[in-house]
*Asks:* 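Have a look at this one before I ask anything.
Residue numbering restarts at 1 for every chain, and letters A, B, ... go by the order of the sequence lines.
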Amino acid sequence: MSKKRKITLTAALPYANGEIHIGHLVEYLQADFWTRFQKLRGHECLYFCADDTHGTPIMMRARQEGITPEELIERNHKQHVLDFTDFGVDFDNYFTTHSDINREFCSVLYEHIEKNGHADIRSINQTYCNHDNIFLPDRFVKGTCPNCKANNQYGDSCDSCGSTYAPSELIDPACSICGNTPTTKESEHIFFKLNDFKEYLTNWLPTHTPKETANKLMEWFDEDLKDWDISRDAPYFGFEIPGHPGKFFYVWLDAPVGYMASAKDWCDKNNRTFEEIWNADDRELYHFIGKDIVRFHCLFWPSILDNAGFKTPDQVFVHGFLTVNGEKMSKSKGTFINARTYLNHLDPLYLRFYYACKLNSSSDDIDLNFDDFIARVNSDLVGKITNLASRGAQMLNKHLEGRIGDLDEDGKALVDNARAKSEEIAAHYEARDFSKALVIIRDIADEANRYFDEKEPWKAIKADPESARPILSATLNLFRLIAIYLKPILPEYAEKTETLFNESAFNWQSAQTVITNHQIEKYEYLASRIDPKQVDKIIEETKHELAADKKIKTQPQQ
RNA sequence: GGCGGCUUAGCUCAGUUGGUUAGAGCAUCGGAAUCAUAAUCCGAGUGUCCGGGGUUCGAGUCCCUGAGCCGCCA
């Protein structure tokens, strides 16, 4: 195998005012598949994430619940960790942006912005609520759209006609917290002069982001790039900007810095250095993100990092969104499903398998279609793949003392062929084309089932049991290879298979061995079929959550 | 409103640089098998490749245009 790679990767930070839902999981699971794959290949791959804890929505949410922001983010942190753990998302560290380490990094990055002359301070007028004594983000102002006159629209754009405007242009604007009419107030803000990095980004984007992303962002490059407002006025839950009392870092400034903080926190606990884990020349650095946040990760972030002399990401991997039954997730339709709600009714194995079946390296949206979900899991994972273990292992245990022997010629050819697929499958994993890897894996299962049917070992077992041993041995070897190839996606399933085969933990190299003359254990169910009723229950429960949710006034979410 | 992406069998999706009768799995129908969690195997049908124009000897694949969906608009 090639030389040991050193990889650091991150997934976007979930916002700490809400729960993890199945849309989030598209990202955390695909990054998890990829990380586990790299680890099985023998590389060092560290997967970092954290909660994104700052900003007005957190502050207001806490105020509403009558708790402090710290209590709110602490509570959600615990829940997030639990959800990720139960879904098998194996972060090397799951940290928080509300930490001294993160504050330090923010200060360092900001000092370089100021020192190198990329900060601009000027006054702007912003919507202000005299009742709540707070500057209102656009999403916290509601009113009638100046263009189409639709009621109850946000202060930045109209959901009804799609036009964009300033909150001051709304007809009958109201503070979404207290309902009073807001005023405007002048305040000094600090801006990051992104245009200073135009040339740098022109070179960086095409080689470090997907083509679609680069093309999309380059649209803005015909004119000067606009400054980015990185400060917010008190009261604000976040970090005060060094040298600017009463001014705080905008949450989107300190959020990606959480990647570094999470890495540093891990280093401190594992006796490693940040230099080595982030900055080293032989270190590969990747971010997994959704297509909605590309401008933060592909414009501001590399500029700020480069400006302060930190290593910038080698690649930003951009994925699409999850739709459910072909539509945007919806609370009222019961398709806005929280991770916890899913876990209350179904094994995470199924969703991991299904997402892997659908995921590729493009930023197209993927669809979770419940009928397709049930069919694919029941037919492919249980009917084709798991059934191989079931029919092979049980017959071997019942009639042939559970001992795998030599393979017959046809069986050996099939096993060799499946072993030879190892690098092809690995290439698909590497390219994050999980769906293509699964197609090959499923083909192996199809061939194995065909082989088993043609050889009819159930007939041989009655006449001359020993003559069935090679057939069962080949079938089980094929199944074993499938379990190894699936291990990045279905780690627990692979572990159960290790137990069945009396083996130590599989790695990618395990696929190069053929098992002969080997005692297996009693067969335990590896996976059972999805009962469609369980899916109905998830939808029902999600609808009930909506009803409970309505008691708390809804807030704009990040 | 501006910009980008997507639209291929009932469902979910593949379709390399344009090149013979457009593919897979599931679902459906017919048959076989009964070791196995009613799990498997063999065979069959299925498509105005979103609509409309165009370029070309030839377009699902390139260009223009219309519609729907998704996202972004700093």
*Asks:* For Leu299(A) and for Asp443(A), find the nucleotide of RNA chain B with the closest heavy atom, then tell me which residue's nucleotide is more 5'.
*Replies:*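 Per heavy-atom nearest nucleotide, the more 5' residue is Asp443(A).
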*Asks:* Which part of the nucleic acid, if any, lies within reach of Asp371(A) when heavy atoms closer than 4.0 Å are counted: base, sugar-phosphate only, or nothing?
*Replies:*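 Counting heavy atoms under 4.0 Å across all strands, no contact is made by Asp371(A).
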*Asks:* Does Tyr523(A) get its side chain close enough to the base of rU37(B), under 3.5 Å, for a donor-acceptor pair?
*Replies:*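 Indeed there is one.
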*Asks:* Do other residues, nucleotides or ligands put more than 12 heavy atoms under 6.0 Å from Glu409(A) CD?
*Replies:*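 Not more than 12 within 6.0 Å, no.
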*Asks:* Just say parallel, tilted or perpendicular for the rings of Phe296(A) and Trp252(A), cut-offs at 30° and 60°.
*Replies:*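 Geometry flag for Trp252(A) against Phe296(A): parallel rings.
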*Asks:* Which residue lies toward the 5' end of RNA chain B, Gly383(A) or Phe321(A), if each is placed at its nearest nucleotide?
*Replies:*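 Final value for this comparison: Gly383(A).
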*Asks:* Please state the C1' separation for the pair rG52(B) and rC57(B) - nearest whole angstrom.
*Replies:*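 Looking at atom C1' only, rG52(B) and rC57(B) are 24 Å apart.
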*Asks:* Could you tell me whether Thr386(A) contacts a base, only the sugar-phosphate backbone, or nothing, with contacts defined as non-hydrogen atoms closer than 4.0 Å?
*Replies:*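 Counting heavy atoms under 4.0 Å across all strands, the contact made by Thr386(A) includes a base.
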*Asks:* Check every atom of rC35(B), rG25(B), rA74(B) against the side chain of Asp372(A) and return the nucleotide holding the closest atom.
*Replies:*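 Selected nucleotide (nearest to the side chain): rG25(B).
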*Asks:* Any donor-acceptor pair under 3.5 Å linking the side chain of Tyr485(A) with the backbone of Ala418(A)?
*Replies:*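 Yes, the answer is positive, given that a donor and an acceptor are paired below the 3.5 Å cut-off.
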*Asks:* NA contact type, Lys462(A), heavy-atom cut-off 4.0 Å: base, sugar-phosphate, or nothing?
*Replies:*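 Since only primed, P, OP1 and OP2 atoms lie under 4.0 Å of Lys462(A), the category is sugar-phosphate.
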*Asks:* If pairing requires Watson-Crick or G-U wobble contacts with both distances under 3.5 Å, which nucleotide is the partner of rC41(B)?
*Replies:*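 Base-paired to rG31(B).
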*Asks:* Under the criteria of a ring-centre distance below 5.5 Å and an interplanar angle below 30°, is Tyr525(A) stacked with the base of rU37(B)?
*Replies:*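 Given the distance and angle limits, yes, they stack.
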*Asks:* Using the C1' atom in both, what is the distance from rG54(B) to rG71(B), to the nearest Å?
*Replies:*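 Going atom to atom, C1' in each nucleotide, I get 30 Å.
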*Asks:* Taking rG51(B) as the reference, what is the distance to rA67(B) when you measure between their P atoms (whole Å, please)?
*Replies:*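 Their P atoms lie roughly 15 Å apart.
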*Asks:* Using a heavy-atom cut-off of 4.0 Å across all strands, would you classify Phe373(A) as base, sugar-phosphate, or nothing?
*Replies:*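 No contact.
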*Asks:* Checking ring-ring contact (aromatic ring centres under 6.0 Å, His included) between His118(A) and each of Phe197(A), Tyr200(A), Tyr110(A), which is the one that passes?
*Replies:*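 Running ring-ring contact (aromatic ring centres under 6.0 Å, His included) over Phe197(A), Tyr200(A), Tyr110(A) with His118(A) returns exactly one hit, Phe197(A).
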*Asks:* Which one, rC35(B), rC73(B), rG25(B), comes nearest to the side chain of Trp220(A)?
*Replies:*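 Looking only at heavy atoms from C-beta outward on Trp220(A), the closest nucleotide is rC73(B).
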*Asks:* Assign Asp229(A) to base, sugar-phosphate, or nothing according to its heavy-atom contacts below 4.0 angstrom with the strands shown.
*Replies:*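 Result for Asp229(A) = nothing.
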*Asks:* Distance check, P atoms only: rC6(B) and rA22(B), in whole angstrom units.
*Replies:*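 The same atom, P, in both gives a distance of 24 Å.
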*Asks:* What interatomic distance, in whole Å, is found between P of rC49(B) and the corresponding atom of rU21(B)?
*Replies:*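 Taking atom P in both rU21(B) and rC49(B), they lie 15 Å apart.
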*Asks:* Of the nucleotides rU37(B), rU40(B), rC73(B), which one has an atom closest to the side chain of Arg529(A)?
*Replies:*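 Selected nucleotide: rU37(B).
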*Asks:* Does Lys384(A) place a side-chain N or O at less than 4.0 Å from the phosphate oxygens OP1/OP2 of rC26(B)?
*Replies:*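 Lys384(A) to rC26(B) OP1/OP2: side-chain N or O found under 4.0 Å.
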*Asks:* Can you tell me how far C1' in rA24(B) sits from the matching atom in rG47(B), rounded to whole Å?
*Replies:*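 Going atom to atom, C1' in each nucleotide, I get 14 Å.
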*Asks:* Please determine whether a side-chain nitrogen or oxygen atom of Lys193(A) lies at a distance below 4.0 Å from atom OP1 or OP2 of rA74(B).
*Replies:*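 So the side-chain polar atoms of Lys193(A) never come under 4.0 Å of the phosphate oxygens OP1 or OP2 of rA74(B).
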*Asks:* NA contact type, Ala527(A), heavy-atom cut-off 4.0 Å: base, sugar-phosphate, or nothing?
*Replies:*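 Answer is base: heavy atoms of Ala527(A) come under 4.0 Å of a base.
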*Asks:* For rU56(B) and rU12(B), measure between their C1' atoms and round to the nearest Å.
*Replies:*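 Going atom to atom, C1' in each nucleotide, I get 34 Å.
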*Asks:* Reckon Arg450(A) touches a base, only the sugar-phosphate, or nothing at all at heavy-atom distances under 4.0 Å?
*Replies:*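 Sugar-phosphate, backbone atoms only, no base.
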*Asks:* Hey, does Asn360(A) reach any base, or is it just sugar-phosphate, or nothing, if we go heavy atoms under 4.0 Å?
*Replies:*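 Result for Asn360(A) = sugar-phosphate.
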*Asks:* Rounded off to whole Å, could you give me the CG-to-C1' distance for the Leu400(A) and rC35(B) pair?
*Replies:*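 Atom CG in Leu400(A) sits about 12 Å away from atom C1' in rC35(B).
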*Asks:* If you only use heavy atoms from C-beta on, which nucleotide in rU37(B), rC6(B), rG71(B) is closest to the side chain of Lys291(A)?
*Replies:*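 The answer is rG71(B).
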*Asks:* Please give the distance between the C1' atoms of rU20(B) and rA59(B) as a whole number of Å.
*Replies:*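 To the nearest whole Å, 14 Å.
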*Asks:* rA38(B), OP1 or OP2 - any side-chain N/O from Asn387(A) closer than 4.0 Å?
*Replies:*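 Asn387(A) to rA38(B) OP1/OP2: no side-chain N or O under 4.0 Å.
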*Asks:* Are the side chain of Arg232(A) and the backbone of Phe248(A) linked by a donor-acceptor contact shorter than 3.5 Å?
*Replies:*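 Answer holds: no.
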*Asks:* Tell me whether the side-chain N/O atoms of Lys398(A) come closer than 4.0 Å to OP1 or OP2 in rA36(B).
*Replies:*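 Answer yes for this pair, as a side-chain N or O of Lys398(A) is under 4.0 Å from OP1 or OP2.
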*Asks:* Mind checking if Leu526(A) touches a base, just sugar-phosphate, or nothing, with heavy atoms under 4.0 Å?
*Replies:*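 The residue Leu526(A) makes base contact.
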*Asks:* If you apply the rule ring pair (Phe, Tyr, Trp, His ring centres under 6.0 Å), what do you find for Phe239(A) with His54(A), and how did you get there?
*Replies:* CA-CA 8 Å; Phe239(A) 296 139; His54(A) 293 150; 4.7 Å; yes
*Asks:* If only side-chain N and O atoms count, and only distance matters, is there a donor-acceptor pair under 3.5 Å linking Tyr354(A) with Lys358(A)?
*Replies:*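 Lys358(A) vs Tyr354(A): donor-acceptor pair found between side chains.
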*Asks:* Please determine whether a side-chain nitrogen or oxygen atom of Arg295(A) lies at a distance below 4.0 Å from atom OP1 or OP2 of rC73(B).
*Replies:*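 Indeed, a polar side-chain atom of Arg295(A) lies that close.
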*Asks:* Base, sugar-phosphate alone, or nothing: which one does Ser379(A) contact when heavy atoms must sit under 4.0 Å apart?
*Replies:*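 Sugar-phosphate: the residue Ser379(A), judged by heavy atoms under 4.0 Å, touches backbone atoms but no base.
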*Asks:* Base, sugar-phosphate, or nothing: which does Asn378(A) touch, judged by heavy atoms less than 4.0 Å apart?
*Replies:*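 Asn378(A): no heavy atom of the nucleic acid under 4.0 Å.
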